[in-house]
Amino acid sequence: MLLSGKVAIVTGGATLFGQAVVQTLVDEGASVLVADINAEGGRDCVAALGDSGLFLEADIGSDDAVARVVSETLGRWGRIDVLVTLACSYNDAGADSTREQWLATLNVNLVSMAMLGGAVRPHMAATGGGSIVNLSSISSKVAQTGRWIYPVSKAAIVQLTRNMAMDYASDRIRVNSVSPGWTWSAIMDLLSKGDRTKTDSVAAPFHLTGRAGDPQEVAHVIAFLASDRASIVTGADWAADGGYSAMGPEQVVPAIPLLEA
Ligand SMILES: NC(=O)c1ccc[n+]([C@@H]2O[C@H](COP(=O)([O-])OP(=O)(O)OC[C@H]3O[C@@H](n4cnc5c(N)ncnc54)[C@H](O)[C@@H]3O)[C@@H](O)[C@H]2O)c1
């Protein structure tokens, strides 16, 4: 197992995607504290995990909550080896976004990562190091209609990851980001009314794999980065996107022949 004996914190474990990440880390041997504002989903997430899971209702946009996340983890397991920052807000009105929306979404998506990183750092350093995995997105690199704050937050996360990786390296803490493509998740389940086949067919033209990813597929990348197997990897953004970011505007349609047609 990749994470035998490790203790992890996962923010945002209450929905489909986060639950898959938490389950994968536990399957790989970790004990996991799940921090989320969604109490019902959070309790569901850890219900079957026994002693390996603990849920804490916490708004990671607040410093008090960040401190509680750390102290509860230490109180239960006495150490922190891994931090996965997955919680996010999709609150974004594009060009019409208000200042309040900007600040609220950046606080949850971006600032919380810096605060959580700072809060776990001394505890990881005290036990010889650790691994932080920040969730970014394909949205960090391209413009998407009607979205401003969320993609900006995801782009900033890639840069924050580099900065954290540089300044935490002396404490043997590795910091990486993972950028998923379309992944079967609560929002896709909701919008497609549970229709995975339809979701895959909508995703097909812009993913080389011709489908949306499974949350477990992204979770395996996160588990690898969290583990000692990735000991040489830090400051990197890992695409877990089915080839979305490898594809250009021509998609997989041969464009040159169109000149001859
Ligand atoms: N769904 C996708 O296709 C996709 C694609 C690329 C990247 N991602 C990234 O993956 C992660 C999960 O995405 P998702 O679609 O499952 O999102 P989601 O909205 O289903 O889950 C996010 C979780 O964060 C929690 N949360 C929100 N605000 C919080 C706060 N202040 N404090 C604590 N918890 C809070 C929510 O309650 C929820 O459980 C995000 O970081 C997202 O950017 C998702």
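Keep in mind it's a predicted model, so treat the numbers as computed, not measured. Each ligand, and each atom within it, is numbered from 1 in the order the structure gives.
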Asks: Around ligand 1, what residues show up once you keep those with a heavy atom under 4.0 Å from it?
Replies: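 Within 4.0 Å of ligand 1, the protein residues are Gly12, Ala14, Thr15, Phe17, Asp36, Ile37, Asn38, Ala58, Asp59, Ile60, Leu86, Ala87, Cys88, Tyr90, Val108, Leu135, Ser136, Ser137, Tyr150, Lys154, Pro180, Gly181, Trp182, Thr183, Ser185, Ala186, Met188.
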Asks: Of all residues at least two apart in sequence or in a different chain, which pass the side-chain contact (heavy atoms from CB on, under 4.5 Å) check with Ala212?
Replies: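 Applying side-chain contact (heavy atoms from CB on, under 4.5 Å) to Ala212 gives Trp182, Arg196, Thr199, Asp200, Ala203.
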Asks: How are the rings of Trp102 and Trp148 set to each other: parallel, tilted or perpendicular (split at 30° and 60°)?
Replies: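 Perpendicular, since the angle between the ring planes exceeds 60°.
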Asks: Counting only heavy atoms from other residues, nucleotides and ligands, does the tally under 6.0 Å from CD1 of Ile232 exceed 12?
Replies: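 For Ile232, atom CD1 is not crowded (no more than 12 foreign heavy atoms under 6.0 Å).
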Asks: Would you kindly confirm whether Met164 and Ile9 end up in one hydrophobic cluster when ILVMFWY residues are joined by side chain heavy atoms under 4.5 Å apart?
Replies: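 Met164 and Ile9: one cluster.
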Asks: Please lay out, stage by stage, how Asp237 and Ser177 fare under the test side chain to side chain donor-acceptor pair (under 3.5 Å).
Replies: CA-CA 5 Å; Asp237 180 45; Ser177 56; 2.7 Å; yes
Asks: Under 3.5 Å, is there a donor-acceptor pair between the Asn134 and Thr85 side chains?
Replies: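 Note: Asn134 and Thr85 side chains meet the donor-acceptor criterion.
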